[in-house]
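Please read the structure below before turning to the comments.
Lettering follows sequence order; numbering is per chain, from 1.
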Amino acid sequence: MAMAARWDMTTPRTGFRMVRDAIAARLRLVQILSPAFPIGAFAHSQGLETAIADGRVADAGDLQDWIAAVLTHGSARTDAIFLSMARRPGADLAALADLFDAWLPSAERAIETAELGRAFQSLTRPKDPALPYPLAVGAATQDMDLPEEEVLALFLQAVAAQLVSVAVRFLPLGQTEGQRVLAALAPVIAETAQAAAAAGEADLWSFTPGADLAAMAHETLETRIFRT
Amino acid sequence: MIQEPVLALERSRGLARVGFALRDGRAVLTDLAQAGSAKVLLPNVAGAPEAVFLNTSGGLTSGDRLGYSMRLGDGVTATATTQTAERAYLARDGAARIEVVAQVGAGGRLVWLPQETILFEDSRLDRQTEIALAPGASVVLAESVVLGRRAMGEAPRRARLFDRRHVTLAGRPLWIEAQRLDAGVLAMGDRPALLAGNVAFAVVAFCGAGAEAAVDALRALPVPPGVQAAVTGWNGRCIARALAPDGWPLKQWLGRIAARLTVAPLPRTWQMQGLTT
């Protein structure tokens with residue numbers, strides 16, 4: 001009886017704490033991956049500005065296809081794998097940073113990931129050695145007891161939202177339509193996150209030659225609003 | 001139970017190796033080996049030595065393995081290419097593999113200009129290119145892939161390619177890319193972020209200290225009609241990429257870029273003398 005009484009006393013409390021901690025971790029994750037987290041992501045189009053400027057991305061359908069390709073075959077996918085590798089116990093962040101650097105596809109991508117990483121770290125772990133953005137997110141979320149796929153999905157959704165916001169400012173595309181594109185990408189984001197959670201160095205590959213060219217050509221785009 | 005004898009299909013194997021070192025200020029041949037379907041030819045050229053690799057099997061299919069190896073001593077500049085386009089044919093029982101390995105000594109420079117790789121329907125090719133640069137060394141690599149033979153009306157829908165390139169400088173990764181092409185990519189071939197309706201793609205990578213300084217010169221080169229190209233450079237890397245609706249204009253573009261980066265005539269096997277300027 002005494003035993004049962006003690007369980008009655010403690011279980012709800014322990015359960016309460018666990019739920020509280022999980023909610024707190026989730027809130028923190030949403031906070032640091034929210035577009036409102038001031039790291040300057042809104043200034044980067046990752047080459048989408050070039051594709052819009054030359055008319056290759058002209059409407060909601062084009063935009064959705066572009067972002068889906070970046071998620072399934074492009075830099076968003078490889079960034080998610082890097083993030084995931086940085087979260088794993090015993091991850092060698094310096095070696096991952098070397099590897100990430102070698103994987104960079106263009107000068108502007110190097111600038112973007114370094115700038116975002118610096119801003120992100122200054123708000124999360126200011127004393128850490130500098131890391132590019134995906135690795136910085138990995139390091140900052142390493143201790144969060146949340147499902148890996150959830151962390152990666154929120155990261156990927158932030159990338160997709162960043163690209164949607166570029167298009168909404170540029171194309172004749174309303175906020176409502178932009179949000180519809182983002183919602184439609186949810187299954188792609190979830191699937192990419194699931195795959196990245198189980199991936200390692202051997203799974204790093206990409207095939208987005210059109211998006212790579214657009215990101216590179218952005219360096220010489222005459223009139224540009226975005227930094228990349 | 002009586003077991004049927006397993007009839008292994010004839011697979012081709014080939015390994016060719018070449019090495020050069022400086023002797024009294026001149027690059028001399030120090031290593032030459034060839035086995036199976038791989039050969040290496042050493043044309044008599046003025047200036048830096050040239051090695052021409054050749055796959056005598058005529059093309060690659062399931063289980064085939066082909067290896068090309070190059071070793072340049074300290075201070076050696078050499079060019080290596082292939083005799084003809086590499087063809088990846090139908091491969092239903094696993095991938096064909098190509099391994100290209102190069103070591104470049106301190107202050108040396110390798111120019112690796114293989115001819116295009118043509119992917120036929122249902123082909124499956126895994127290629128691994130590993131280039132290790134010693135301090136002060138550099139590499140110019142130019143490679144292209146063409147999907148089928150457009151003149152023959154070919155448009156492969158199920159070709160597969162895994163193409164990994166890995167350049168290290170003094171043991172640290174400097175430039176890595178891995179491209180994976182499969183039926184899923186080919187089904188989305190019209191998407192602007194992917195092939196944008198093109199059938200040929202290429203990359204030129206110049207890696208080594210100061211490589212980024214080449215960006216402006218490459219951007220100034222004319223781009224053949226129909227080719228989409230761009231150049232970027234930073235921190236020891238200068239990378240140029242292109243997409244094209246056909247293999248020929250892409251080859252013209254590659255020739256121009258390679259000629260500008262190497263400040264030397266292209267290997268004769270490219271058959272582009274006088275066409276790159």
Practice task
Determine whether B:Leu194 and A:His73 make a side-chain contact, defined as any pair of heavy atoms from C-beta on separated by less than 4.5 Å.
Solution key: yes
Practice task
Take B:Thr232 and A:Glu219 through the test side-chain hydrogen bond (donor to acceptor under 3.5 Å, both in side chains) and record every step on the way to the result.
Solution key: CA-CA 8 Å; B:Thr232 185; A:Glu219 296 172 25; 2.5 Å; yes
Exercise for the section: Before accepting this row, confirm whether a basic side-chain N of the pair B:Arg237/A:Asp101 lies closer than 4.0 Å to the acidic partner's carboxylate O. Expected result: yes
Exercise for the section: Take atom CD of B:Gln128 as the centre, draw a 6.0 Å sphere, and report whether it contains more than 12 heavy atoms from other residues, nucleotides or ligands. Expected result: yes
Exercise for the section: Can you tell which part of B:Arg172 gets under 4.5 Å to a heavy atom of chain A, answering side chain, backbone, both or neither? Expected result: side chain
Problem - Exercise: identify the closest heavy-atom pair between B:Phe162 and A:Ala202 - result: CZ-O, 4.4 Å
Exercise for the section: Can you measure from CZ (B:Arg180) to CG (A:Leu204) and round to the nearest 0.5 angstrom? Expected result: 12.0 Å
Handout entry: Pairs of heavy atoms under 4.5 Å with chain A: top-ranked of B:Arg219, B:Glu212, B:Arg164
Key = B:Arg219
Practice task
With the side chain counted from C-beta on, respond yes when A:Leu104 and B:Trp234 share a heavy-atom pair under 4.5 Å apart, and no when they do not.
Solution key: yes
Handout entry: Portion of B:Arg241 that has a non-hydrogen atom of chain A nearer than 4.5 angstrom
Key = both
Practice task
May I ask you to check whether over 12 heavy atoms, not counting those of A:Phe37, lie within 6.0 Å of atom CZ?
Solution key: yes
Practice task
Please flag which part of B:Leu174 lies under 4.5 Å from any non-hydrogen atom of chain A: side chain, backbone, both or neither.
Solution key: backbone
Completion exercise
Looking only at heavy atoms, the pair that brings A:Phe207 and B:Gln179 closest together is CD1-CB, 4.0 Å
Practice task
Against chain B, label A:Ala51 side chain, backbone, both or neither, depending on which of its atoms sit under 4.5 Å from a heavy atom there.
Solution key: neither
Handout entry: Approximate separation, where rounding is to 0.5 Å, of A:Trp103 CH2 and B:Ile176 CD1
Key = 6.5 Å
Practice task
Please state whether the side chain, the backbone, both or neither of A:Thr78 comes within less than 4.5 Å of a heavy atom of chain B.
Solution key: neither
Fill in the blank from the handout: Between the CG atom in A:Leu99 and the NE2 atom in B:His166, the distance rounded to the nearest 0.5 Å is 7.0 Å
Handout entry: Interface residue of largest heavy-atom contact number with chain A, from B:Val185, B:Ile239, B:Asn198, B:Val215, under 4.5 Å
Key = B:Val185
Problem - Over 12 non-hydrogen atoms of neighbours within 6.0 angstrom of CZ in A:Arg87 - result: yes
Practice task
Could you pull out the closest heavy-atom pair between A:Arg56 and B:Pro192, with the gap in Å?
Solution key: O-CG, 3.7 Å
Fill in the blank from the handout: chain B shares the most heavy-atom pairs under 4.5 Å, among A:Thr208, A:Asp212, A:Asp65, with A:Asp65
Exercise for the section: Can you establish whether the number of heavy atoms outside B:Arg165 located under 6.0 Å from its atom CZ is more than 12? Expected result: yes
Fill in the blank from the handout: All heavy atoms of A:Ala107 vs all of B:Gly233, minimum pair found to be CB-O, 3.5 Å
Fill in the blank from the handout: Heavy-atom closest pair (B:Ala193 atom, A:Ala69 atom, distance to 0.1 Å) is CB-CB, 3.7 Å
